[in-house]
Structure formats: C-alpha cells, structure tokens
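Atoms within each ligand, like the ligands themselves, are counted from 1 in listed order.
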Amino acid sequence: MNTFKDLFLNELADMYDAEQRIIKALPKMIKAATCNHLKKAFQAHLKETEGQVRKLDLVFKSFGVKAKGKTCEATKGLLEEADEIATDFKASPAINAALICAAQKVEHYEIASYGCLHEWAGVLGNKDAAGFLLGILDEEKAANESLTALARSRSNPEALGETEQIGSDSGAADGRSVNLRRGIRPVAATRSRTGSSSR
Ligand code: ZN
Ligand code: FE
Ligand code: FE
Ligand code: FE
C-alpha cells in the first residue's frame, strides 16, 4: 500500500523534474522577450530555479532518499504552450504579455505544488524539509507577483500599442513607461490587485 510519505516523495520527484525542465526552457523565453526588464526578471528566476533544485536535493536528503525526478506532464505541457505562443507572437507588440502569461501559468502550478509539499512535510514531521519547501514557495509567489507588476506597468500597455518604453530598454534612470496618448501612467497599473493574478 502506498503511504502518505510515498505520496510526498512522488510529488517531490514530480517537482524535481519540473524545475529541471524550467531551467531548460527559461533561456528560450529570455531570448524571446523583447523587453529588457522581462529578460532580467526571467534571468533572475533562472538563477533562483537553479537554487531550488539544490534545495530539493536537500529535501530528498532530509528524508534519507536519493534525489530522483519523475516526468511532470503538466510542466511539460505548459512549457510546450509557452513555446507555441512565443512562436505565434514573435513579431507582435504582445509578445512580452504572451510570455508573462505563459510564465505565470508555470508559477501557479509551482505555487500549488509547493503549497501541498510544504504542508505535507510539516504533517510528516520533517521540519527541515518544510523549511526548504516554504523557501521555494515564497520564491515562486514573489516571481509571480513581479510578473504581474511587469505586465501592468509595461507589457500590457505595450501590447495595446499605446505606450512606448521611454529609454527603458537602454537603461534610462527612471525607466517608467508613459502613455503617449494621454501622457499618464497606463490605467491598468492603477487597477485593483485582483486583476491579473492571484496568490
Ligand atoms: Zn522594458
Ligand atoms: Fe521553481
Ligand atoms: Fe507535475
Ligand atoms: Fe518558478
């Protein structure tokens, strides 16, 4: 009979595989992004993701088992969709919005998975594992939030074709995007937090 611990280790192996797929996919998404801010955000999360694999190694170790991955069909599918949308919107002003949406689907999957894993590690009485998993969970939530912020301040207005990144991609000091038609910050940036994300 499969135990609760088996369930935990099964899900852990799933995420171990997922993170390694994400490490392979992010360089392609960095290349596909045309906004330097988004490239940097993806770059930062790539570094973080490499650290997450090391944290997962420690979680396996804390349970006294060898680290191993098990194909995560969900992440595989989400990354295939990311690839597809990046191809379809390659030359479009909506490319960065498309990439953010694809990336946020992955973050939400990770948030759900690490939410369970963190909870389960606690129930199974492994405090070290619970700590590592909470650390990863917080990183995924923060990554998701920063993508929402980028979408609101830049990629969505850019996709709408109403804004221009004033020197932002060549490193201007303030780097805000400005609505050319009305001369104000995009409306989307001031909308309620419930708009394009959840946590
Ligand atoms: Zn930019
Ligand atoms: Fe991750
Ligand atoms: Fe999975
Ligand atoms: Fe992530």
Side-chain angles (χ1 to χ4, degrees), residues 2-33 35 37-63 65-86 96-122 124 128-152 155 196-199:
N2 280 326
T3 64
F4 192 21
K5 188 178 160 188
D6 294 328
L7 174 65
F8 174 89
L9 292 174
N10 187 72
E11 185 65 26
L12 191 63
D14 183 282
M15 293 314 291
Y16 197 65
D17 178 80
E19 297 296 5
Q20 285 168 75
R21 287 178 191 279
I22 294 164
I23 287 171
K24 270 195 209 133
L26 273 170
K28 282 186 277 179
M29 294 175 77
I30 292 166
K31 231 185 230 171
C35 167
H37 302 84
L38 183 56
K39 281 180 191 284
K40 273 181 204 150
F42 282 156
Q43 194 77 60
H45 199 50
L46 174 57
K47 275 265 156 349
E48 224 162 42
T49 303
E50 287 162 358
Q52 290 170 357
V53 171
R54 291 193 292 271
K55 283 178 190 150
L56 291 179
D57 277 321
L58 294 172
V59 174
F60 278 111
K61 210 173 166 190
S62 76
F63 275 90
V65 300
K66 217 180 140 226
K68 71 163 176 44
K70 175 185 176 237
T71 303
C72 176
E73 296 294 347
T75 297
K76 206 174 150 188
L78 289 173
L79 293 174
E80 275 165 19
E81 285 191 5
D83 224 38
E84 195 183 319
I85 206 163
N96 299 303
L99 290 168
I100 286 177
C101 183
Q104 286 195 295
K105 289 181 187 184
V106 175
E107 297 313 326
H108 278 74
Y109 180 77
E110 292 184 296
I111 290 166
S113 304
Y114 287 115
C116 291
L117 279 168
H118 164 250
E119 217 47 48
W120 292 348
L124 289 166
D128 288 345
F132 292 129
L133 291 164
L134 183 60
I136 300 177
L137 177 62
D138 285 344
E139 286 173 353
E140 308 298 12
K141 284 180 179 174
N144 180 60
E145 295 273 301
S146 63
L147 288 172
T148 296
L150 263 185
R152 285 182 179 156
S155 305
S196 67
S197 106
S198 60
R199 43 177 309 171

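- Looking at Phe63, Phe4, Phe8 one by one, the single match for ring pair (Phe, Tyr, Trp, His ring centres under 6.0 Å) with Trp120 turns out to be Phe4.
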Check: Can Asp57 and Tyr16 be said to form a side-chain contact (heavy atoms from CB on, under 4.5 Å), step by step?
Finding: CA-CA 8 Å; Asp57 277 321; Tyr16 197 65; 2.7 Å; yes
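- For Glu107, the nearest N, O or S atom to the Fe ion (ligand 4) falls under 2.8 Å.
- Residue contact annotation: Tyr114 places no N/O/S atom under 2.8 Å from the Fe ion (ligand 2).
- Considering just the N/O/S atoms of Glu140, the one nearest the Fe ion (ligand 4) carries the name OE1.
- For Glu110, the N, O or S atom closest to the Fe ion (ligand 4) goes by the atom name OE1.
- To the nearest 0.5 angstrom, Asp14 atom CG is 10.5 Å from Glu19 atom CD.
- The Fe ion (ligand 3) lies under 2.8 Å from an N, O or S atom belonging to Asp14.
- At least one N, O or S atom of Tyr109 sits under 2.8 Å from the Fe ion (ligand 3).
- Note that CG of Leu78 is 9.0 Å distant from CD1 of Ile22, once rounded to the nearest 0.5 Å.
- For the atom pair CD of Glu139 and CG of Asn144, the computed distance is 13.5 Å after rounding to the nearest 0.5 Å.
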